[in-house]
There are 2 protein chains.
Amino acid sequence: MKHDFSKRMTRFAQRTLEDFSRVLFEALTETSIENITVRELCEKANYPRATFYNYFDDVYDLLNDCWQKIASDIVIDDYPSIPAEERTSALFERCYTYLSGYRAAIEKIMKHNPMDGRFAESLRKYIREQIYSIIVNSPCSEKYAVPYELMAEHYGNTIQMMLEWCFIRREQMPKEAALEALHYLLGGLS
Amino acid sequence: MKHDFSKRMTRFAQRTLEDFSRVLFEALTETSIENITVRELCEKANYPRATFYNYFDDVYDLLNDCWQKIASDIVIDDYPSIPAEERTSALFERCYTYLSGYRAAIEKIMKHNPMDGRFAESLRKYIREQIYSIIVNSPCSEKYAVPYELMAEHYGNTIQMMLEWCFIRREQMPKEAALEALHYLLGGLS
DNA sequence: AAAATTCTTAGACGCATGTCCATATTTATA
DNA sequence: TATAAATATGGACATGCGTCTAAGAATTTT
């Protein structure tokens, strides 16, 4: 990570991230991320190559920053205030609702970026870690038979899997069914 | 994938895979996979670069073939003959036992190849997919409230997570505790 | 407004990648 | 054994990567 976009950005940095982010996702609807070159992104966004490397280590670093930018749209600041037994559902529902607005874009991108490629890897990883960190940073009074970090990881895995099942694969599972499945898989755990 | 090592290999192919595999893992104990070059592997293994590309697309493709070679040591051909309710435990136990023999090597490699790097990504992915395919190809009479593929994926995720917890992270969880945790996380599901 | 600081920009550098081809060597077939 | 097919080898190629430096532009500080 070359530039920290989580702290407040200068106007310049903001424009740069937005431009490259837009251009990257345009490119992703046309080809796989493995075939996207830095030169190409810079030409489309009208930046010199040096500027790209001022901000990002490589294309995958840029992609990570994009996830971060996208994720900041899904507001979950109030997570700790939700009763513990409703948190999992709430978390999943918000992700589901948000992603529903991007079905078409996701489908286009997935045409060129298969499930076992680096694009999907990166997305999977981001969702998993994001949910893990949300859970792990919202301590919960409930007692579990295993370390809390392990629980959080398990939830991260499972929610990520269900989202992937609903949006990346074409299984057409509606929200209610997905929620049921999620709770079934998580068994008695709340 | 350039060469299919799953079908019977010529003596040449066998030697080539073994040499490169050995040299790759030697290199992994000294540096991260991101810094390993094809040229370097070829020099250490005394092969011309062209030969490498005859067999592998790149270093990560070689790594995948290594996993395959390693996994063939963990015999699970009899998996379908195990009673359904014991399968998960059996699968996990064999992996656990096998990996126990490589604690030292794993530790050395992990010094240079962090959890969020491509090495760990590749290992994670392989284990997940391997377990998924074992389960999915061993039909089971039990009825589940969700598609069987989803169940298999869930099991793959969870077993992979527990193995990672026990071997890649240094949580020192003994086999019995890990098995208990596994069943706890999988809840009522068998 | 001037000076200092920070960031952008352009170009060049060395190195690694993955492909290709022509030749040599091995393996299989007749 | 001779011939055919397949594979290994060596070298060259264009292209991308990531770094670096020096000069220019924008921003902040004085």
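This one's a predicted model, so the numbers in the text were calculated from it and none came from an experiment. Order of the sequence lines fixes the chain letters, A, B, ..., with proteins taken first and strands second; residue numbering starts at 1 for each chain. All values below were derived from every heavy atom in this structure, side-chain atoms included, with hydrogens, water molecules and symmetry-related copies excluded.
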Colleague: For the side chain of B/Tyr55, counting heavy atoms from C-beta on, which of C/dC7, D/dA8, D/dG11 is nearest?
Modeller: D/dA8
Colleague: Does any non-hydrogen side-chain atom of B/Asp61 lie less than 4.5 Å from one of B/Met1?
Modeller: yes
Colleague: When you match A/Thr16 and B/Arg39 each to their closest nucleotide on DNA chain C, which lands nearer the 5' end?
Modeller: A/Thr16
Colleague: Thinking salt bridges, do B/Lys125 and B/Glu121 make one under a 4.0 Å N-O criterion?
Modeller: no
Colleague: Can you measure A/Arg11 atom CZ to D/dA25 atom C1' for me and round it to whole angstrom units?
Modeller: 14 Å
Colleague: Where the side chain of A/Thr37 is defined as all heavy atoms beyond and including C-beta, which of D/dG16, D/dT19, D/dT9 is the nearest nucleotide?
Modeller: D/dG16
Colleague: What's the CZ-P distance between A/Phe12 and C/dT5, to the nearest Å?
Modeller: 20 Å
Colleague: Provide, to the nearest angstrom, the distance between the NE2 atom belonging to A/His3 and the P atom belonging to C/dC7.
Modeller: 7 Å
Colleague: Send over the distance from A/Phe52 CZ to C/dA10 C1', rounded to a whole Å.
Modeller: 18 Å
Colleague: What nucleotide, of D/dG10, C/dT17, D/dA8, holds the atom closest to the side chain of B/Pro48?
Modeller: D/dG10
Colleague: Let's see if you can work this out: which of C/dT19, D/dC17, C/dC7 has an atom nearest to the side-chain heavy atoms of B/Lys2?
Modeller: C/dT19
Colleague: Side-chain N or O of A/Asn54 versus OP1/OP2 of C/dC7: is the shortest distance under 4.0 Å?
Modeller: no
Colleague: Taking NZ, NE, NH1 and NH2 as the nitrogens, is one of them in A/Glu149 or B/Arg169 under 4.0 Å from a carboxylate oxygen of the other?
Modeller: no
Colleague: A/Arg15 CZ to D/dA25 P: how many Å, rounded?
Modeller: 15 Å
Colleague: Please report the distance, rounded to the nearest Å, between CG in A/Asn46 and C1' in C/dT9.
Modeller: 14 Å
Colleague: Can you check the B/Phe56 CZ to C/dG18 C1' distance for me, whole Å?
Modeller: 15 Å
Colleague: Would one find a side-chain N or O of B/Thr51 under 4.0 angstrom from OP1 or OP2 of D/dA8?
Modeller: no
Colleague: Nearest whole angstrom, please: distance from the C1' of D/dC17 to the CG of A/Leu62.
Modeller: 16 Å
Colleague: To the side chain of B/Tyr53, which of D/dT19, C/dT19, C/dC7 is closest?
Modeller: C/dT19
Colleague: Which nucleotide sits closest to the side chain of B/Val38: C/dT8, C/dT17, D/dA8?
Modeller: C/dT17
Colleague: Which nucleotide sits closest to the side chain of A/Asp58: C/dT27, D/dG18, C/dT8?
Modeller: D/dG18
Colleague: Flag the pair B/Arg124 and B/Glu164 as a salt bridge only when some basic side-chain nitrogen lies within less than 4.0 angstrom of an acidic carboxylate oxygen.
Modeller: yes
Colleague: Under a 4.0 Å threshold between the charged nitrogen and the carboxylate oxygen, would A/Glu43 count as salt-bridged to A/Arg39?
Modeller: no
Colleague: Is any N or O donor-acceptor pair between the side chain of B/Arg49 and the base of D/dG10 shorter than 3.5 Å?
Modeller: no
